[in-house]
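The sequence lines fix the lettering, A, B, ..., with proteins before strands; numbering per chain opens at 1.
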There are 2 protein chains.
Amino acid sequence: MTDGSNMVAAATLIADHTRAKMLTALMGGRALTATELAGAAGITKQTGSTHLRKLLDARFVAMEAHGRHRYFRIADEEVAQLLEELMSFSARSSDRTYATGPKDPALRKARVCYDHLAGELGVLLYTSLLQRHAFDFDGATIALSPAGERLIADFGIDAHAVRSQKRPPCRVCMDWSERRHHLAGAVGAALLARVIERGWAVRGKSSRAIHFRPNGERAFRGYFHLNGVLHEAV
Amino acid sequence: MTDGSNMVAAATLIADHTRAKMLTALMGGRALTATELAGAAGITKQTGSTHLRKLLDARFVAMEAHGRHRYFRIADEEVAQLLEELMSFSARSSDRTYATGPKDPALRKARVCYDHLAGELGVLLYTSLLQRHAFDFDGATIALSPAGERLIADFGIDAHAVRSQKRPPCRVCMDWSERRHHLAGAVGAALLARVIERGWAVRGKSSRAIHFRPNGERAFRGYFHLNGVLHEAV
DNA sequence: CCGATGGTTCGAGGAGCATCGAACAATGAC
DNA sequence: GTCATTGTTCGATGCTCCTCGAACCATCGG
C-alpha cells in the first residue's frame with residue numbers, strides 16, 4: 001500500500017553487488033548472455049542463473065532465447081531511468097571534490113548510456129539542439145518542436161516511427177559522471193543509431209565507449225554545429 | 001567506480017522494510033522523533049536507533065536535537081527525488097489495472113508529497129500554471145518565466161528568496177498514485193507553505209492529507225483558475 | 001548418436017544483518 | 001535530588017539469501 005513494499009522489492013534487487021554489476025553491464029545497451037553476465041559479475045554461472053531469474057521475474061530485464069544462448073537486456077526505459085537516477089544520486093555524495101567521471105578519455109568523450117549517446121559529445125549535441133529550439137516542454141516530458149522534427153527528419157530519422165513508440169520520445173538524462181544533461185528517449189536512441197548507421201562511429205566491443213572516426217566526428221560536429229572543444233584527446 | 005558500488009549502498013538502505021517505512025513516513029514532510037519513527041515502522045526503539053544511525057551516516061536523513069528529542073527529516077531534495085522515483089517506478093508494474101492511489105478521498109484530493117502539494121488539487125494547480133505559461137524550460141530544469149515570477153510574487157512569495165535556495169526552483173514530480181504530474185522544488189514548497197499560511201488549508205496531524213477549508217478551497221481555486229471537478233467529496 | 005557448451009535446479013554451507021532484551025547515558029519535570 | 005522519558009550501545013539469536021559443487025536438461029556440431 002502506502003508503505004512502499006514494492007519499493008523495497010525494487011531496491012532489494014539492486015541492493016546486491018552481483019546484480020548491480022549485471023545491471024550496470026546491461027546499461028551498456030547490448031544484450032548479453034547469461035555466461036557473459038556471470039563473468040562480468042565475477043561469479044559462477046549457477047549463481048548468475050539465480051540472479052537473472054530474479055531480475056527476470058521482476059521484469060527488470062527481458063530475455064530472448066537464440067538457440068542455446070539466452071540474451072538478456074534491460075527490460076525497458078523505465079528500468080533504465082531508475083538505474084540512471086540511482087547512479088546519479090550515488091555519484092553526488094561520494095566524489096564531491098573528486099574528479100568526476102571515468103578516466104579513460106575515450107569514455108569521457110563519447111559513450112553509450114543504455115541506448116543513447118552520453119559523454120562530452122552527447123552533452124554538446126543536446127546543448128546544440130536546445131539552442132536551435134528543437135524541443136518543446138509540454139508539462140510532463142519534452143517533445144520535438146516542429147523545428148526539431150525537421151532537423152531529425154533531415155538527418156534520416158523516421159519521426160513518425162519514433163513517435164509511435166511507447167516510451168517518451170525525448171527525455172533528459174543526467175549523466176552520473178559528466179554532471180551535465182544529454183538526450184535520452186526514443187529520439188536519443190534513434191540519433192545514436194543513425195550516427196552508427198552512417199558509419200561516423202562504432203561501438204566499443206566490450207566497453208561502453210563510442211569510437212568516432214576522425215572524419216565521422218568532423219561530419220557529426222559539422223552537421224549539428226558543435227563548436228565545443230573539451231579534452232581534445234583522440 | 002563504474003560498477004556502481006555506491007548505487008548498491010543507496011539501494012541497500014532502502015531495501016529494508018523497516019527503513020522503507022521510516023523513509024515513507026518522513027516523506028510526509030514532517031520531522032519526526034526516533035520513537036515516532038520506530039512506532040511507524042512497528043519495531044522497538046533499539047532497532048529503530050540502529051536504522052536511524054545508518055540513514056544518518058548515509059546522509060539520507062538529517063537530525064536536529066531539541067532537548068531530549070531528536071527530530072529526523074529527509075536530508076534534502078535529492079533524497080526525496082530518489083524516493084519519488086522509486087515509488088513511481090514500483091507503482092508501475094504492480095497495479096496495472098488496479099485502481100491507482102489511496103482510497104481515502106481526502107488523500108486523493110490533496111496531500112503533501114515531501115514538502116509540496118500533491119493529489120488532485122496539486123495536479124490542477126500545476127496544469128493551470130502551465131496553461132498560463134508560468135514556466136520556461138532551460139534544458140536541465142524548468143524555471144519560472146517572467147509571467148510565473150509575477151504570479152507567485154502577487155501570491156505573496158518572495159521570488160528572490162526562492163531563487164537563492166540551493167535546490168532547483170521548479171521540478172516536475174510524478175506522483176506514484178495519481179499518475180499525473182505536479183510541481184515540486186522550491187517554488188512548489190513555497191506555494192504549499194503560503195496556502196497554509198493564508199489559512200486556506202491545514203496539514204493533517206498524523207496523515208499526509210491536506211485539509212482545505214471550504215472557503216479556503218474556493219479561494220484557492222479562484223485564485224489559480226482551477227476549474228477541474230473530480231471527486232467532489234468533502 | 002556423442003561429446004561439448006550454455007544454462008538451470010537442488011542442496012548445503014556460510015556470511016550478513018535485522019531484531020530484541022538488558023544495561024546505560026542524557027534530558028526534563030517536579 | 002529523584003523519577004520518568006528519550007535515546008543509544010552491546011550481545012545473543014535467528015533468519016534471509018548469496019554462493020558454489022554436483023547433477024541434470026537443451027542445443028549445436030559432427
Enquirer: Any idea which heavy atoms bring B:Trp200 and B:Phe220 closest together, and the distance?
Expert: CZ3-CA, 3.5 Å

Enquirer: Using only side-chain N and O atoms of A:Arg53, determine if any of them is under 4.0 Å from OP1 or OP2 of C:dG7.
Expert: no

Enquirer: Does D:dC18 have OP1 or OP2 sitting under 4.0 Å from an N or O in the side chain of A:Thr47?
Expert: no

Enquirer: Should A:Thr18 be listed as having a side-chain N or O under 4.0 Å from OP1 or OP2 of D:dT19?
Expert: yes

Enquirer: Are OP1 or OP2 of C:dT8 and a side-chain N or O of A:Ser49 less than 4.0 angstrom apart?
Expert: yes

Enquirer: Expressed in angstrom and rounded to an integer, what is the separation of A:His69 atom NE2 from D:dC25 atom P?
Expert: 21 Å

Enquirer: Minimum heavy-atom separation for B:Ala190 and B:Val162, please, with both atom names.
Expert: CB-CG2, 4.0 Å

Enquirer: Does the side chain of A:Thr35 get closer than 4.0 angstrom to OP1 or OP2 of C:dG6 through an N or O atom?
Expert: no

Enquirer: Along nucleotides 22-30 of chain C, 5' to 3', which nucleotides get a B, which get an S, and which get a -, given that the test is a protein heavy-atom distance under 4.0 Å?
Expert: B----BS--

Enquirer: Mind checking the OH-CZ spacing from B:Tyr126 to B:Arg180? Nearest 0.5 Å is all I need.
Expert: 10.5 Å

Enquirer: Report the distance from atom CG of A:Leu37 to atom C1' of C:dG6, rounded to the nearest whole Å.
Expert: 13 Å

Enquirer: Measure from CG on A:Asp16 to P on C:dG16 and round the result to the nearest Å.
Expert: 13 Å

Enquirer: Round to the nearest Å and state the distance from A:Lys54 atom NZ to C:dT8 atom P.
Expert: 14 Å

Enquirer: Hey, are A:Arg111 and A:Asp175 close enough for a salt bridge, meaning a charged N less than 4.0 Å from a carboxylate O?
Expert: yes

Enquirer: Could you state the atom-to-atom distance from CZ of A:Arg19 to C1' of D:dT16 in whole Å?
Expert: 12 Å

Enquirer: Assign A:Ile43 to base, sugar-phosphate, or nothing according to its heavy-atom contacts below 4.0 angstrom with the strands shown.
Expert: sugar-phosphate

Enquirer: State the CE-CD distance between B:Met27 and B:Glu84, to the nearest 0.5 angstrom.
Expert: 4.5 Å

Enquirer: Does B:Arg53 have more than 12 heavy atoms from other residues, nucleotides or ligands lying within 6.0 Å of its CZ?
Expert: no

Enquirer: Tell me: NE2 of B:His17 to C1' of D:dC15, nearest whole Å?
Expert: 13 Å

Enquirer: To the nearest Å, give me how far apart NE2 (B:His51) and P (D:dT8) are.
Expert: 13 Å

Enquirer: Over 60° means perpendicular and under 30° means parallel, so tell me whether B:His116 and B:His182 are parallel, tilted or perpendicular.
Expert: tilted

